[in-house]
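Worksheet for the structure shown next.
The model shown is predicted, which means the values in this text are computed figures rather than measured ones.
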Amino acid sequence: SCLEKDLKILDNLLTHRPRPCIILVNIWARACMQQPSPKTWGRSMNRFVRMISAVTLAVGLTATALANNASVYVVHGINGGDLGLPEALPVDVYVNGGLAIEDFTFKAVVGPVSLPAGTYDIAIKLANTDVTVIEASVPFGAWENATVIAHLTEGGAPTASKFTNNVSNPGFFRSRIIAHHTAAAPAVDVYLKRLPLFSPLVVQDFANGEQASASIGSGIYRLWLTPT
């Protein structure tokens, strides 16, 4: 399956990394899986389970922020097809009125960007237009490591969420996996099982806009979702 291919990245990071690392997994929309769902779950969950993508971002623990600045990653997590537009959905990102990211497309990641602590006014517009689709005021603290993701709410409306990343050392021969639910879908239960015989880690009622994390050992993992 597509998810199994995506999880090969996790396997490489967890078994061959030279140092402890942080793995960010963003659950968003991409049509790939052919996994059926219960009839009672309805179309939304069936579509959600088919459209899981694991996006990984390793953050080296040896990197240090400039002075006391925040380190910020920006992710475009909106599939234009969900809005009746081209999948790439190019947008321009403005910060405090100035153009910061131009022609930013679906699944693209920018960062880390070093920003002085403070609150920033962010506006996301359709590329080369004055049509604003998302506006938000986002605070960043000194030395904070954060990810800002443009995504859809459970009901399908464009929004942006900030997640603070715990990039402290997870321990020798261990990694920390961080998951974000940013798909236009209801809450799910997430299972992460180390193969072959370990009991799975379970995150219940994982809802749109939420973040979950866990410290895990090296190995090969299976990830799956079920209706809450």
Side-chain angles (χ1 to χ4, degrees), residues 2-3 6-7 9-10 13 21-32 48 51-60 63 65 69-83 85-96 99-115 120-127 132-141 144-154 156-167 175-185 188 190 206-213 223 225:
C2 290
L3 184 57
D6 290 330
L7 287 177
I9 302 173
L10 289 179
L13 284 171
C21 68
I22 309 302
I23 300 167
L24 305 183
V25 176
N26 182 45
I27 297 174
W28 58 12
R30 179 164 70 87
C32 70
F48 174 57
M51 300 191 304
I52 294 302
S53 174
V55 177
T56 61
L57 178 63
V59 181
N69 287 1
S71 293
V72 180
Y73 297 86
V74 184
V75 179
H76 185 330
I78 300 178
N79 185 332
D82 292 336
L83 301 174
L85 298 169
E87 178 180 311
L89 190 62
V91 297
D92 295 331
V93 181
Y94 291 80
V95 178
N96 290 342
L99 179 60
I101 307 173
E102 189 173 10
D103 290 327
F104 195 38
T105 55
F106 175 50
K107 295 191 280 190
V109 179
V110 171
V113 178
S114 182
L115 295 175
Y120 293 80
D121 294 326
I122 297 175
I124 301 176
K125 301 182 180 182
L126 296 179
T132 300
V133 291
I134 298 174
E135 286 185 303
S137 292
V138 183
F140 297 106
E144 182 178 18
N145 189 297
T147 299
V148 177
I149 303 176
H151 64 98
L152 299 179
T153 65
E154 178 180 336
T159 189
S161 297
K162 187 194 90 167
F163 303 94
T164 298
N165 305 316
N166 179 358
V167 294
S175 294
R176 181 176 295 105
I177 185 167
I178 304 172
H180 307 130
H181 184 336
T182 55
V188 294
V190 181
F206 193 38
N208 183 284
E210 291 186 343
Q211 172 177 275
S213 67
L223 172 69
L225 310 173

Begin with the C-alpha distance, continue with both residues' side-chain angles, and end with the deciding distance and a verdict on side chain to side chain donor-acceptor pair (under 3.5 Å) for Glu210 and His181.
CA-CA 6 Å; Glu210 291 186 343; His181 184 336; over 6 Å; no

Side-chain donor-acceptor pair present, Thr164, Glu144, cut-off under 3.5 Å:
yes

Polar side chain donor-acceptor pair, His151 to Ser161, under 3.5 angstrom
yes

Is there side-chain contact between [X] and [Y], with heavy atoms separated by less than 4.5 Å?
{"X": "Leu99", "Y": "Asp92", "value": "yes"}
{"X": "Val113", "Y": "Phe140", "value": "no"}
{"X": "Thr132", "Y": "Ile124", "value": "no"}
{"X": "Leu89", "Y": "His76", "value": "yes"}
{"X": "Leu115", "Y": "Asn69", "value": "no"}
{"X": "Tyr73", "Y": "Val110", "value": "no"}
{"X": "Val95", "Y": "Asp121", "value": "no"}

What are the two closest heavy atoms between [X] and [Y], and how far apart are they?
{"X": "Gly156", "Y": "Leu83", "result": "O-CD2, 3.9 Å"}
{"X": "Phe163", "Y": "Gln211", "result": "CB-OE1, 3.0 Å"}
{"X": "Val190", "Y": "Leu223", "result": "CG1-CD1, 3.6 Å"}
{"X": "Asn208", "Y": "Ala185", "result": "CB-O, 4.1 Å"}

In sequence, state the C-alpha distance, the side-chain angles, and the governing distance for Val74 and Val109, and then conclude on side-chain contact (heavy atoms from CB on, under 4.5 Å).
CA-CA 6 Å; Val74 184; Val109 179; over 6 Å; no

Is the shortest side-chain N to carboxylate O distance from Lys125 to Glu135 below 4.0 Å?
no

Using only atom types and a distance under 3.5 Å, with no angle test, would you say the side chain of [X] pairs donor to acceptor with the backbone of [Y]?
{"X": "Arg176", "Y": "Ser213", "value": "no"}
{"X": "Asn145", "Y": "Asn165", "value": "no"}
{"X": "Lys162", "Y": "Thr147", "value": "no"}

Qualifying residues under ring pair (Phe, Tyr, Trp, His ring centres under 6.0 Å), relative to Tyr94, sequence neighbours excluded:
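Ring pair (Phe, Tyr, Trp, His ring centres under 6.0 Å) list for Tyr94, sorted by chain: empty.
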
Between CG on residue Leu85 and CD1 on residue Ile78, distance to nearest 0.5 Å
10.5 Å

Just to verify, which of Asp82, Asn79, Thr182 counts as forming a side-chain contact (heavy atoms from CB on, under 4.5 Å) with Leu152?
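Among Asp82, Asn79, Thr182, the one that satisfies the side-chain contact (heavy atoms from CB on, under 4.5 Å) with Leu152 is Asp82.
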
Between Val72 and Val148, is a side-chain contact (heavy atoms from CB on, under 4.5 Å) present by the stated rule, with each step listed?
CA-CA 7 Å; Val72 180; Val148 177; 4.2 Å; yes

